[in-house]
Amino acid sequence: MSKERKAKFQTTSHIEQKRSYNEVDWSAAERRDSELSEAGQFPFTRGVQETMYRGRLWTMRQYAGFGSAKESNQRYKLLLNKGTTGLSVAFDLPTQMGYDSDHIMSSGEVGKVGVAISSLEDMETLLADLPLAEISTSMTINSTAGILLALYIAVAKKRGVDPKVLKGTIQNDLLKEYIARGTYIYPPKPSLRIITDIFSYCTENVPEWNTISISGYHIREAGSTAVQEVAFTLANGITYVKAALDRGLNVDDFAKRLSFFFNVHNNFFEEIAKFRAARRMWGKIMKERFGAKDPNAMKLRFHSQVAGSTLTAQQPENNIARVALQALAAVLGGTQSLHTNSMDEALGLPTEKAATIALRTQQIIAHETGAADVVDPVGGSFYVESLTNEIEKRAFDYIERIEGLGGVIACVESGWIQNEIQNSSYQYQKDLETKAEIIVGQNAFVQDEIHSPEILKVSEDVARDQLARLKRFKEKRDKAAVDKKLAAIRTAASGSENLMPKFIDAVENHVTLGEISEELRKIFGLFKESITL
């Protein structure tokens, strides 16, 4: 008998792996779940569209944004010229946290991890010459999502583009900010109020826009397992659906514009099974728990991004292989949209060359591998189906535990979910140190670096220029009009009136993102995280 390579064979979620899988490994219930439907049919295990990529390829959406709005606009045009089919905007930390670029809290951070957007003028520059009626734009923004969407709508209206034809997504997922990412401003209850205001407004006025991207990506980046990523993400989704129903919205109306955002990690088959399990679970949740009747309100449509946390600064060229395999797992798992990271992102912002290689990786998968030619090509694999079933079972067990503890908000406020992720992250770090997990070039197969690749750096001139532009913008405004619009926001926030029309009216009258956020801080207060030891 041959010696085994490892003492234990497990996925990253600690699911024990048998030497091989065959039909007798499935229970009758597992076989029934696996054979329930074809793609496009409830519970959508095999995909949300009947023909999947035979009808239309996934959106190749490259995440970009740095420095000034003008520089970012140039990068978007470059990506579109190279074949990107959807834009994805990264904002700097001040924009994410509700501060204008000239605020003291913005010092040293303007344009550093994304583009700085404070005003309607900034947004006009960011979107200059881009065909808003034709492209799909995703904005990775949460606490200030409603304001950034208002700016996007205002630019479209100035150009004569009907908001009803605008296509895109705002992340708008505050629960995962409390759990994993940290760019929250207000406490959970007022945050949910803003989110449901956006649901309600967009259902009528921007019907093609995805009003939320319920994100497991950052939960996984914080150190969760694949099972935890699915469980916590869908538990957050349940919370948003409940909040919208409590608001009186119709599930078959608003749920059609819910979308999800998942990580794609290194364990190839576990990631494929994760996506299949999440899709089936959400279909069941929406139909059986919330009574959705429209199949489109039951479908889990998701964007995916390969795992930033798996990129290594050591031997960065190795990241090209990691990204390719992760991207293939996303495609085999049935993603609707995909971002591929650049090989140099463990070192700095992506260079043009690295971003192009990342995009070409998607194009090679789409056009050269045949992976897009068949719906759910790994469906029916004894191994993948068993993994799908096991992930579903374990994730539902987690959701049941969360609800037994009072729901997501109670678990966030107590720090329970954060603690679960921290424990998983600690275990993974221990596995790296003991080499139970191997990362090529980092804890095995290491070598002296032969060269350091080119690194893109944001000039300090960006902040100085941005502050000068913002100063001129504020000086030429009608201050009385600005004060009037801010008063209207205070009144709406203090009551129950929908905030979105107030945001749009304000930004059209040159009120800035930071000024709107400050008014909301006064009314809603700030969230303070519980510390668990």
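In what follows, every heavy atom counts, from backbone to side chain, and hydrogens, waters and symmetry copies are set aside. By convention here, the first residue in the shown sequence is residue 1.
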Next item on the list: Under the ring pair (Phe, Tyr, Trp, His ring centres under 6.0 Å) rule, what do Tyr201 and Trp209 come out as? Steps first, then yes or no, please.
Entry: CA-CA 11 Å; Tyr201 179 83; Trp209 197 272; over 10 Å; no
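- Glu229 and Tyr217 share no donor-acceptor pair across their side chains, judged by distance under 3.5 Å alone.
- No side-chain donor-acceptor contact under 3.5 Å links Glu437 and Tyr428.
- Not a single side chain to side chain donor-acceptor pair (under 3.5 Å) links Glu345 to another residue, sequence neighbours left out.
- Using a 4.5 Å cut-off on side-chain heavy atoms (C-beta onward), Asn419 and Gln422 make contact.
- Judged by distance alone, the side chains of Arg61 and Thr59 never bring a donor and an acceptor atom under 3.5 Å apart.
- Thr233 and Asn236 are not linked by any side-chain donor-acceptor pair at a separation below 3.5 angstrom, with hydrogens and angles left out of the test.
- No donor-acceptor contact under 3.5 angstrom links the side chains of Tyr76 and Thr84, judged on distance only.
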Next item on the list: Just do the side chain to side chain donor-acceptor pair (under 3.5 Å) check on Thr45 and Arg276 with the steps written out, would you?
Entry: CA-CA 5 Å; Thr45 312; Arg276 300 173 87 251; over 6 Å; no
Next item on the list: Would you sort out whether Glu390 and Arg394 count as a salt bridge (Lys or Arg N to Asp or Glu O under 4.0 Å), showing the intermediate values?
Entry: CA-CA 6 Å; Glu390 186 63 23; Arg394 293 187 183 204; 2.7 Å; yes
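- With Glu433 as the partner, the side chain to side chain donor-acceptor pair (under 3.5 Å) test is satisfied by one option alone out of Lys430, Gln429, Lys435: Gln429.
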Notebook entry, point to check: Step by step, would you call Phe302 with Phe260 a ring pair (Phe, Tyr, Trp, His ring centres under 6.0 Å)?
Noted result: CA-CA 4 Å; Phe302 71 97; Phe260 289 79; 8.7 Å; no
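- Counting non-hydrogen atoms of neighbouring residues, nucleotides and ligands closer than 6.0 angstrom, the CD atom of Glu403 exceeds 12 such neighbours.
- Figure legend: Lys176 and Phe232 shown without cation-pi pairing, the cationic atom not lying both under 6.0 angstrom from the six-membered ring centre and within 45 degrees of its axis.
- Shown are Thr340, Thr361, Asn266; of these, the side chain to side chain donor-acceptor pair (under 3.5 Å) with Gln326 is made only by Asn266.
- Remark: Ser143 pairs with no residue by the side chain to side chain donor-acceptor pair (under 3.5 Å) rule, at least two apart or across chains.
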Checklist line | Audit row: Gln96, Thr144, side chain to side chain donor-acceptor pair (under 3.5 Å) steps and yes/no | finding: CA-CA 6 Å; Gln96 294 181 50; Thr144 55; over 6 Å; no
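- Asp252 pairs by the salt bridge (charged side-chain N to carboxylate O under 4.0 Å, His left out) definition with nothing, not counting sequence neighbours.
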Next item on the list: Start with the C-alpha distance between Asn267 and His265, add both sets of side-chain angles, then the distance that settles side chain to side chain donor-acceptor pair (under 3.5 Å), and finish with yes or no.
Entry: CA-CA 6 Å; Asn267 194 302; His265 227 264; over 6 Å; no
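- A parallel orientation is assigned to the rings of Phe254 and Phe199, their planes being inclined by less than 30° (bins at 30° and 60°).
- Side-chain atoms of Gln427 and Asp431 form a donor-acceptor pair, as typed in the model, at a separation below 3.5 Å.
- Between the side chains of Asn263 and Glu221, at least one donor N or O lies within less than 3.5 Å of an accepting N or O.
- The only member of Ile357, Leu311, Asn318, Leu328 that meets side-chain contact (heavy atoms from CB on, under 4.5 Å) when paired with Val323 is Leu311.
- Between Asp173 and Tyr240, the side chains place a donor N or O and an acceptor N or O closer than 3.5 Å (distance only, hydrogens not considered).
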Note to self: Under the criterion side chain to side chain donor-acceptor pair (under 3.5 Å), I'd like the reasoning laid out for Ser138 against Thr169: C-alpha separation, chi angles, the key distance, then a yes or no.
What the structure shows: CA-CA 5 Å; Ser138 173; Thr169 304; 5.0 Å; no
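- A heavy-atom distance below 4.5 Å is not found between the side chains of Leu300 and Phe44.
- Using a 4.5 Å cut-off on side-chain heavy atoms (C-beta onward), Asn341 and Arg322 make no contact.
- Between Tyr186 and Ile194, some side-chain heavy-atom pair lies under the 4.5 Å cut-off.
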Next item on the list: Determine, stepwise, if the pair His218 / Phe261 fulfils ring pair (Phe, Tyr, Trp, His ring centres under 6.0 Å).
Entry: CA-CA 9 Å; His218 305 94; Phe261 176 23; 5.8 Å; yes
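- Ring-centre distance between Phe269 and Tyr383: below the 6.0 Å cut-off.
- The shortest non-hydrogen separation linking Val251 to Ala297 is O-CB, 3.9 Å.
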